[in-house]
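Inspection log for the structure reproduced underneath, given as structure tokens.
Here the structure is a predicted model, which means the values were calculated and not measured. Any value given below was found using the heavy atoms of this structure, including those in side chains, with hydrogens, waters and symmetry copies removed.
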Amino acid sequence: MKTLNETIASRPPESPLRVKEMAEEMSLAIDQQLDQEEEKLSQATCKPDLQVPPGVKNS
């Protein structure tokens with residue numbers, strides 16, 4: 001059985017470039033999705049209307 005690198009190397013020169021471009025696009029899309037999820041989480045956990053109970057320092 002061929003490895004992924006062997007399979008890519010056996011393809012025409014344009015093919016590895018396409019694979020690399022697609023991998024970069026997927027990586028960017030995943031990064032954007034993670035950023036969006038982090039923003040949602042931040043908005044859900046940072047509520048400005050919460051008050052600090054008496055005797056507790058607000059740092």
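- Looking at Thr7, its side chain does come within 3.5 Å of a backbone N or O of Thr3 through a donor-acceptor pair.
- Distance OG/Ser10 to CG/Asn5: 11.0 Å, rounded to 0.5 Å.
- Using a 4.5 Å heavy-atom cutoff, the side chains of Met22 and Val19 are not in contact.
- Of the inter-residue distances, the one linking Arg18 atom CZ with Glu25 atom CD reads 11.0 Å to the nearest 0.5 angstrom.
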Stepwise salt bridge (Lys or Arg N to Asp or Glu O under 4.0 Å) test for Glu37 and Lys40: CA-CA 5 Å; Glu37 293 300 321; Lys40 285 180 189 177; 3.7 Å; yes
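- With sequence neighbours excluded, no residue forms a salt bridge (Lys or Arg N to Asp or Glu O under 4.0 Å) with Glu6.
- Using modelled atom types, one finds no donor on one side chain facing an acceptor on the other under 3.5 Å when comparing Gln36 with Gln32.
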